[in-house]
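Reading through the structure tokens given below for one structure.
In what follows, chains are A, B, ... by sequence order, proteins preceding strands, each numbered from 1.
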2 protein chains.
Amino acid sequence: MQLIMTCINLRKPPCSLKVGPDKMVNTLNNEPDFKQVLRDAGLRVTPQRASVITILSETDDHPNVEELYEKVRKLDDTISVATVYRTLSVLENVGLVRKLVLNDAPARYEMMPPTNHDHLVDLESGELVEIPGTDIADVMNRVASELGYEIVSHHTVIRARKR
Amino acid sequence: MQLIMTCINLRKPPCSLKVGPDKMVNTLNNEPDFKQVLRDAGLRVTPQRASVITILSETDDHPNVEELYEKVRKLDDTISVATVYRTLSVLENVGLVRKLVLNDAPARYEMMPPTNHDHLVDLESGELVEIPGTDIADVMNRVASELGYEIVSHHTVIRARKR
DNA sequence: CCTGTTAATGCGAATTATTCGCAAATGTCA
DNA sequence: TGACATTTGCGAATAATTCGCATTAACAGG
Ligand SMILES: [Mn+2]
Ligand SMILES: [Mn+2]
Ligand SMILES: [Zn+2]
Ligand SMILES: [Zn+2]
């Protein structure tokens, strides 16, 4: 099943990562920012890593590695798939990128979102819908009442470390 | 990283699926129950499906297919891995089983829990901890205050269909 | 600038969880 | 007890991701 990302329309303006002037600024600020994050982690700033971040920052959907690789190749036609995998893993580790592991599909990726959101998979269309907010009960209520969705199941995985 | 399932101790009695006399009853009631669920879905009741349900009902952790297969083989030494996969898929479709897709590890399975719970992955030990309740904000607060966990990230996937 | 050290890359092969194809077996129902 | 569609077992196939290693390049220090 193919996943298509759309923006939920619980309220206007939409939550699209590309919409809004502040986000444009954020995207531009991204470049010096990620360099510092990498260096602070003792990692090198390579053109491959820059390319992956550029492409992932420019897109408002949730590409998988194959899709990302095709787009990144337009910036750097010598980059390899293995490097895209390694780069995404690195960027995930330093907290710049979020990896979405969904059922029976290759992992998808997004820049670590400035505004928290979770995801809803439309079982019929395969759409991947972004849901603003953090409160599951609230989300369930909104989805049920404001959108016409019937929730089949939900599953939250929290990654944590002992404090 | 190996995942070990433990039971959270936010309050007593613990939420272990095997603890408590009512759960024992639930497990025993499971057998006639699942047959009806399968038949209602137009599916056949096979010894392979019964074996998988028996083993998965008896365990209080979250086995992956490999682990499940080894245990099921003690009930039915001719069952094949492919059948375990197919059976789990069928049982998930009819709502008897929940599949847990975690990062970089084979999927894990549990009987659809009578009491709702989500999961927490301890990033250091790899432990898979069960978290009662449905409210994410509440869970985050509890985890932070009552257990000594620092939340690194959380991700909720809701599966839904248009109503 | 150079230069040395070391991390990162590219390539292709390897890994491995999961699925598939098909012949044989079996559950269900009349 | 058949008929017959479904399910199984087996092995091969698939495909996402990782690995090994030779080569390249980032970058700290001189
Ligand atoms: Mn794709
Ligand atoms: Mn295992
Ligand atoms: Zn998103
Ligand atoms: Zn559980």
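- The two residues B/T59 and B/P63 have their closest heavy-atom pair at CG2-CD, 4.0 Å.
- Taking atom CG on B/L75 and atom P on D/dT8, their separation rounds to 15 Å, with Å as the unit.
- Whole-Å rounding puts the B/Y85 OH to D/dT14 C1' distance at 13 Å.
- Separating the OH atom of A/Y69 from the P atom of D/dT17 is a distance of 15 Å, rounded to the nearest angstrom.
- Contact footprint of chain B on DNA chain C: nucleotides with an atom under 4.0 Å from a non-hydrogen protein atom, first to last in 5' to 3' order, C/dA17 to C/dT28.
- The CG atom of B/N93 sits 16 Å away from the P atom of D/dT6 (whole-angstrom rounding).
- One finds no side-chain N or O of B/T46 lying less than 4.0 angstrom from the OP1 or OP2 phosphate oxygen of D/dT6.
- Closest heavy-atom contact between B/Y109 and B/V97: CD2-CG1, 3.9 Å.
- For the 3.5 Å distance criterion, the side chains of A/R86 and A/S89 fail to qualify, holding no donor opposite an acceptor.
- Here the C1' atom of nucleotide D/dT7 and the CG atom of B/L88 are 15 Å apart, to the nearest Å.
- The base of D/dT7 has none of its N or O atoms less than 3.5 Å from a complementary donor or acceptor on the side chain of B/R44.
- When rounded to the nearest whole Å, the span between CG of A/L38 and C1' of D/dA28 equals 17 Å.
- A donor-acceptor contact shorter than 3.5 Å links the side chain of A/R49 to the backbone of A/R44.
- When the options A/E110, A/H62, A/E92 are evaluated for a side chain to side chain donor-acceptor pair (under 3.5 Å) with A/R98, the one that passes is A/E110.
- Along DNA chain C, the nucleotide nearest A/A82 and the nucleotide nearest B/K99 are compared for position; the residue whose nucleotide lies closer to the 5' end is A/A82.
- For A/R86, no side-chain nitrogen or oxygen approaches OP1 or OP2 of D/dT17 to under 4.0 Å.
- Rounded to an integer number of Å, the gap from B/N103 CG to D/dA16 P is 17 Å.
- Using a 4.0 Å heavy-atom criterion, one finds that A/V81 contacts no nucleic acid atom at all.
- In this structure, B/L38 CG and B/L91 CG are separated by 6.5 Å, a value rounded to the nearest 0.5 Å.
- Considering CD1 of A/I53 and OG1 of A/T87, their distance stands at 8.5 Å, rounded to 0.5 Å.
- Regarding A/L102, its CG atom lies at a distance of 16 Å from the C1' atom of D/dT17, rounded to whole Å.
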